[in-house]
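Scroll down for the structure; my scribbles are underneath it.
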Amino acid sequence: MKVLLIGSGGREHALAWKIAQSPLLDALYAAPGNPGIADHAMLVEPNVEDHAAVIAFAKEKAIDFVVIGPEAPLVAGLADDLRAAGIATFGPSKAAAQLEGSKGFTKDLCARYDIPTGAYQRFKSAEPAKDYVRAQGAPIVIKADGLAAGKGVTVAMTEAEALAAIDDCFDGAFGAAGAEVVVEAFLDGEEASFFCLSDGKTALALATAQDHKRVGDGDTGPNTGGMGAYSPAPVMTATMVERTMKEIIEPTISGMAKDGNPFSGVFFAGLMITAKGPELIEYNVRFGDPECQVLMMRLKSDLLPILYATATGTLDRVDAEWRDEAALTVVLASKGYPGAYDKNTPIAHIPEASEEAKVFHAGTALKDDRLVATGGRVLNVTALGKTVTEAQAHAYALADRVEWENGFCRRDIGWQAVAREKV
Ligand code: AMP
Ligand code: GLY
């Protein structure tokens with residue numbers, strides 16, 4: 001099979017690494033890719049925003065299957081255009097990608113199909129939103145409706161914070177994404193991400209993970225795209241997994257199909273495990289980044305036939321097998337991230353991979369044949385261990401061998417699981 005992978009982050013490096021191990025693979029291309037992905041794939045030109053160029057490339061190279069990593073091309077309808085051109089594609093349609101692209105869309109789906117989530121209302125102007133906040137009181141959560149690179153959510157502990165967040169949204173802090181606002185009840189509990197595949201009819205549960213969104217140790221400081229993750233998430237006991245499938249995932253898949261937007265691809269539920277059980281915070285219509293890196297380390301099965309079955313409506317014929325070990329990834333980011341940071345800082349050394357550990361590339365580039373950091377999140381140091389505690393020790397030992405002066409990382413990735421393992 002000839003495969004084209006779309007994307008350039010740590011998530012796509014992990015996907016490329018795993019797809020490259022498939023005996024079914026004849027050739028792997030990546031657009032635009034990154035220097036880590038280049039170890040497993042040929043990096044190719046077509047501009048991902050130019051759908052006609054991607055299709056022309058796929059036809060020229062007789063690509064059998066396109067795998068789309070990030071959300072932006074999905075929300076832009078790249079999967080629809082590729083499928084319309086007769087090319088098998090892993091990734092949801094633009095209509096189904098609204099599960100991530102519009103928080104209001106997802107909340108309305110939850111309301112229609114009785115999926116547990118925080119009580120909410122949607123607003124197109126500030127005053128009624130503020131009246132609702134005053135009536136509900138704090139804590140309360142204010143969300144820009146659209147894609148805001150993970151920054152459109154304010155968990156307001158006071159009413160004043162909530163009112164200010166509403167003004168920010170309608171004043172354009174998140175551009176068009178903030179033209180509509182969802183105000184949502186605050187949910188209290190432990191968070192987990194639950195990954196699933198769907199071919200529109202069948203859902204296949206993959207694995208659970210926990211992300212670390214805040215930039216600082218002890219979950220402090222501003223939100224980021226994710227500073228580290230581990231899998232499995234111990235809060236997701238067998239009972240919680242079963243309840244999540246029955247109460248959240250299955251009604252979502254059948255509801256999306258009933259509404260004429262069958263979902264095909266991978267999605268993950270951001271869950272809050274509250275005293276009542278699992279409640280939906282949000283959906284994402286792709287693998288999480290960096291959660292994908294830990295899932296790929298733990299996946300025993302060949303990834304390629306699983307992705308292909310998802311894309312071609314035969315998910316009921318495949319299964320995914322997982323290692324019992326835990327995996328943990330630590331994100332090395334440029335000093336200053338998620339604020340301003342220097343670009344093109346040199347990375348002098350990245351330690352070799354082993355079967356149990358690997359450094360995935362995210363925001364790296366080659367400048368004059370030297371590896372430099374170009375992004376906020378730059379490397380994902382990922383390792384396996386018998387426990388999260390052990391995986392954490394392995395990952396930090398490896399991270400400490402990376403030579404990159406302008407890099408930093410959180411030192412406590414996995415702390416919740418490590419604390420549980422101590423008990
Ligand atoms: P999101 O971008 O929707 O994932 O939200 C970012 C983060 O905000 C989540 O990971 C949660 O930590 C927090 N959050 C979002 N919605 C709620 C809610 N209803 N209650 C409590 N925390 C929330
Ligand atoms: N790490 C969170 C995300 O990919 O959305």
Side-chain angles (χ1 to χ4, degrees), residues 99-111 115-193 210-228 235 269-276 278-284 333 336-341 376-377 410 412 415-416:
L99 267 188
E100 174 164 359
S102 165
K103 308 235 185 237
F105 174 91
T106 298
K107 298 297 281 187
D108 289 351
L109 181 92
C110 290
I115 297 167
T117 188
Y120 75 104
Q121 284 209 14
R122 303 173 69 167
F123 298 97
K124 289 211 158 99
S125 62
E127 276 321 310
K130 290 183 177 176
D131 289 342
Y132 181 70
V133 162
R134 289 188 194 103
Q136 299 294 315
I140 195 157
V141 183
I142 312 299
K143 300 185 171 183
D145 181 75
L147 286 182
K151 293 181 189 113
V153 174
T154 304
V155 179
M157 297 321 278
T158 65
E159 204 176 289
E161 233 183 302
L163 299 178
I166 290 169
D167 280 331
D168 279 352
C169 281
F170 287 114
D171 287 348
F174 309 111
E180 187 175 334
V181 165
V182 173
V183 180
E184 185 182 304
F186 173 79
L187 298 173
D188 199 15
E190 188 170 341
E191 280 184 64
S193 300
Q210 210 158 49
D211 189 15
H212 297 63
K213 289 218 166 75
R214 303 296 189 111
V215 73
D217 285 12
D219 294 328
T220 54
N223 266 328
T224 69
M227 294 300 291
V235 67
L271 301 174
M272 190 70 86
I273 309 305
T274 69
K276 284 193 284 181
E279 297 199 45
L280 182 71
I281 298 179
E282 60 160 1
Y283 274 127
N284 294 283
Y337 174 80
Y341 52 83
R377 295 188 298 164
R410 273 182 64 161
D412 65 344
W415 66 270
Q416 279 167 314

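- For the atom pair CG (Leu271) and CD (Glu190), the distance works out to 11.5 Å, reported to the nearest 0.5 Å.
- Side-chain contact between Arg214 and Thr220: absent, with no pair of heavy atoms (C-beta onward) separated by less than 4.5 Å.
- The two residues Asp211 and Gly228 have their closest heavy-atom pair at OD1-O, 3.2 Å.
- A pairwise comparison of heavy atoms in Cys110 and Leu280 identifies SG-CD2, 3.6 Å as the closest pair.
- Side-chain N or O atoms of Arg122 include none that pairs as donor or acceptor with a backbone N or O of Glu180 at under 3.5 Å.
- Judged by distance alone, the side chain of Asp145 and the main-chain N or O of Gly104 form a donor-acceptor pair under 3.5 Å.
- Residues Glu282 and Val153 are not in side-chain contact: their nearest non-hydrogen atoms beyond the backbone lie 4.5 Å or more apart.
- Under the side chain to side chain contact (heavy atoms under 4.5 Å, CB included) criterion, Glu279 pairs with Pro116, Leu187, Thr274, Lys276, not counting sequence neighbours.
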Practice task
Apply the test side chain to side chain contact (heavy atoms under 4.5 Å, CB included) to residues Ile281 and Met272: give CA-CA distance (whole Å), side-chain angles for both, the deciding distance (0.1 Å), then the verdict.
Solution key: CA-CA 6 Å; Ile281 298 179; Met272 190 70 86; 3.9 Å; yes

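- When the options Val141, Thr106, Val182 are evaluated for a side-chain contact (heavy atoms from CB on, under 4.5 Å) with Tyr120, the one that passes is Val182.
- Once rounded to the nearest 0.5 Å, the distance linking CG of Asp108 with NZ of Lys103 reads 14.0 Å.
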Exercise for the section: Verify side chain to side chain contact (heavy atoms under 4.5 Å, CB included) between Gln416 and Val235, making sure each step is shown before the conclusion. Expected result: CA-CA 9 Å; Gln416 279 167 314; Val235 67; over 6 Å; no

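- The pair Arg410-Asp219 meets the salt-bridge criterion, since a charged nitrogen lies less than 4.0 angstrom from a carboxylate oxygen.
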Could you pull out all donor-acceptor pairs under 3.5 Å where a side-chain atom in residues 161-176 meets a protein atom, sequence neighbours excluded?
{"from": "Glu161", "atom 1": "OE1", "to": "Met157", "atom 2": "N", "distance (Å)": "3.2"}
{"from": "Asp167", "atom 1": "OD1", "to": "Lys130", "atom 2": "NZ", "distance (Å)": "2.9"}
{"from": "Asp167", "atom 1": "OD2", "to": "Lys130", "atom 2": "NZ", "distance (Å)": "3.0"}

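- Distance check, rounded to the nearest 0.5 Å: NZ of Lys213 to CD of Glu191 gives 5.5 Å.
- In this structure, Ile142 and Val133 have side chains that are in contact, with non-hydrogen atoms separated by less than 4.5 Å.
- Listed by chain and residue number, Val215, Met227, Tyr337, Pro338 satisfy the side chain to side chain contact (heavy atoms under 4.5 Å, CB included) test with Thr224 (two or more places apart in sequence, or in another chain).
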